[in-house]
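For reference, the structure is listed below as structure tokens.
Computed from a prediction, not measured in an experiment: that's the story for all the values here.
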Amino acid sequence: MSTVLVVNAGSSSLKYALVGAHTGEQELAGVIERIGADVPDHAAAFALVRDEFANHAAPVPAAIGHRVVHGGSHFAAPVEITAAVQEAIAACIPLAPLHNPAALVGIAAAEAVFPDVPQVAVFDTAFHQTMPLAAATYAIDRDVAAQFQLRRYGFHGTSHAYVAGEVARYLDRPLTELKIISLHLGNGASACAIDGGRSVDTSMGVTPVEGLVMGTRGGDMDPAIPVILARAGWDADQVDDFLNHQCGLKGLTGSSDLRDVTAQADAGDDAAELARQVMAHRLRGYIGAYAAVLGGVDVVVFTAGIGEHAPWIRAAACAGLEFMGITVSPERNAAAIGPETPQRINEPQSRVQVVVVPTDEELAIAQQTTELLQL
């Protein structure tokens, strides 16, 4: 039975899963952390993966599928990894300085351990390459935009595409006929407007900083804020750290974990309650905006860690949207905590279906790798 080794290489971690190419079942999975400290480098981490294969008598994978965060404008679909593909991934390092170098190291380490196994790159940004230019283009000087590759790329594309397909199957309707607003809510969060299976708008931009309120990122804000900080003496690294690690829920409450924020709010903490309201307000705004972009909406999908496990944020995000035909059932919503399969949470009379769909990015990467290589 053919298997695909799905790899997500971080700067100091390596997450892996061995997935049946046709069954979709995970046969082996794990994460190796503290690379550079407890484990010397990614090559040593892959050697540990190879040892796990031997310990479990697992077969050599038929292919390796890598999650690559940023493909810029180069890639609109998964590609088999070649030297030219690696050069293109390297060219996008200025757009994803923390993620793309790790992906390249992971690719090299995988090739060293499994030299005869084909490797495929699956890009977080690829799904959003179908956005029209009006949605992808920033209203800034064209030459500057071209020089620095500044446009909206979007992220979480693998997840958005996967849950769109899953909700279409669940509703027994052709994906090509559905207008979907997909809300991927985790420590990182993004919204996506999907028309007939194609991304037509998304909330993240050049980087994952733009858009919704997240664990440590504030999302949409006045672009002059970093300028104000710079004029006050902050250097680029300080501003970057602030935007990526000190904002969002952490900036508002001191904690980036929504579970902590929820507990604080339930205990009467005003700052935590405000954080919840800010998060919900931003979500409602994107639902309304994307309904306008799509010219209507058939389905709102909640997915990822928060989207699948936090009924209150689903209820708050949809509150007051009855005029759009969105009516959430309190009972169904409360019961849908970490469902293993898609679960509808709207009232029967709701014109718009509201569905909690568990995402599975490892499976999605394995499926795309299998399809590309025709395993």
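The 12-atom threshold is exceeded at CD of Gln246, counting heavy atoms of other residues, nucleotides or ligands nearer than 6.0 Å. Surrounding CD of Gln349 are more than 12 heavy atoms belonging to other residues, nucleotides or ligands, all under 6.0 Å away.
The pair Arg217-Glu210 does not meet the salt-bridge criterion, since no charged nitrogen lies less than 4.0 angstrom from a carboxylate oxygen. Checked for salt-bridge contact, Lys179 and Asp195 meet the test: a charged N lies under 4.0 Å from a carboxylate O.
Think of Tyr170 as one node in a network of Ile, Leu, Val, Met, Phe, Trp and Tyr side chains linked at under 4.5 Å; its network also takes in Val4, Val6, Val19, Val120, Val122, Phe127, Tyr162, Val163, Val167, Leu171, Leu175, Leu178, Ile180, Ile194, Val299, Val301, Val355, Val357, Leu363, Ile365, Leu372, Leu373, Leu375. Phe75 belongs to a hydrophobic cluster with Val68, Val79, Ile81, Val85, Ile89, Ile93, Leu104, Ile107, Phe123, counting contacts under 4.5 Å between side-chain heavy atoms of Ile, Leu, Val, Met, Phe, Trp and Tyr, direct or through other members.
Residues Leu28 and Val60 share a single hydrophobic cluster, defined by chaining ILVMFWY side chains whose heavy atoms lie under 4.5 Å apart.
Taking each heavy atom of Gly338 and His309 in turn, the nearest pair found is CA-NE2, 3.5 Å. Here the shortest heavy-atom pairing between Ala96 and Pro101 reads O-CD, 3.5 Å. When all heavy atoms of Ala44 and Val39 are compared, the closest pair comes out as CB-CG1, 3.8 Å. Across every non-hydrogen atom of Val261 and Ser255, the tightest pair is CG2-O, 3.8 Å.
In terms of the ring-ring contact (aromatic ring centres under 6.0 Å, His included) criterion, residue partners of Phe155 (sequence neighbours excluded) are, by chain and number, His70. Arg67 pairs by the side chain to side chain donor-acceptor pair (under 3.5 Å) definition with Asp124, not counting sequence neighbours. Legend: residues meeting side chain to side chain donor-acceptor pair (under 3.5 Å) with Asp240, ordered by chain and number and at least two apart, are Asn244. Residues meeting the side chain to side chain donor-acceptor pair (under 3.5 Å) test with Asp38, sequence neighbours left out: Arg34. By the ring-ring contact (aromatic ring centres under 6.0 Å, His included) test, Tyr290 pairs with Tyr286, sequence neighbours left out. Shown here are the ring-ring contact (aromatic ring centres under 6.0 Å, His included) partners of Trp312, two or more places apart in sequence or in another chain: there are none. Every residue was checked against the side chain to side chain donor-acceptor pair (under 3.5 Å) condition with Thr369, not counting sequence neighbours, and none meets it.
Listed for the Arg276 side chain is no donor-acceptor partner under 3.5 Å among the backbone atoms of Leu258. Side-chain atoms of Thr303 never come within 3.5 Å of backbone atoms of Pro358 as a donor-acceptor pair (strictly under, hydrogens ignored). At distances below 3.5 Å, at least one donor-acceptor pair connects side-chain atoms of Asn55 with backbone N or O atoms of Asp51. A donor-acceptor pair under 3.5 Å links the side-chain atoms of Ser203 to the main chain of Ala191, judged by distance alone. A donor-acceptor contact shorter than 3.5 Å links the side chain of Arg282 to the backbone of Gly211. Judged by distance alone, with hydrogens and angles left aside, the side-chain atoms of Gln238 form a donor-acceptor pair with the main-chain N or O of Asp235 at under 3.5 Å. A side-chain donor-acceptor contact under 3.5 Å links Arg314 to the backbone of Asn333. In this structure, Glu308 contributes its side chain and Thr359 its backbone to a donor-acceptor pair below 3.5 Å. Proximity of a side-chain donor or acceptor of Ser199 to a complementary backbone N or O of His128 within less than 3.5 Å is not detected. Judged by distance alone, the side chain of Gln119 and the main-chain N or O of Phe114 form no donor-acceptor pair under 3.5 Å.
A distance of 9.0 Å separates CD in Gln26 from CG in Leu18, rounded to the nearest 0.5 Å. Rounding to the nearest 0.5 Å gives a distance of 7.0 Å between CG of Leu212 and CG of Leu183. Residue Glu273 holds its CD atom at 9.5 Å from OG1 of Thr262, rounded to the nearest 0.5 Å. Between the SG atom of Cys192 and the CZ atom of Arg198 there is a distance of 12.0 Å, given to the nearest 0.5 Å. To the nearest 0.5 Å, atoms CD1 (Ile326) and CG (Leu321) are separated by 5.0 Å. Remark: Arg284 CZ to Met324 CE distance equals 12.0 Å, nearest 0.5 Å.
Contacts classified as ring-ring contact (aromatic ring centres under 6.0 Å, His included) and involving residues 319-362 (residues at least two apart or in different chains) are not found. Within the structure, the ring-ring contact (aromatic ring centres under 6.0 Å, His included) test picks out no pair touching residues 204-227 (sequence neighbours left out). Listed by first then second residue, pairs satisfying ring-ring contact (aromatic ring centres under 6.0 Å, His included) with a partner in residues 198-248 read Trp234-Phe242, not counting sequence neighbours.
For Gln343 and Arg332, the side-chain atoms include no donor-acceptor pair closer than 3.5 Å. There is a side-chain donor-acceptor pair under 3.5 Å between Ser190 and His156.
Judged by the 6.0 Å distance and 45° axis criteria, Arg151 is positioned over the aromatic ring of Tyr153.
Taking the six-membered ring where tryptophan is involved, the planes of Phe46 and His66 are tilted, since the angle between them lies from 30° to 60°.
Proximity of Arg152 to Asp201: side-chain heavy atoms (C-beta onward) are separated by under 4.5 Å at one or more points.
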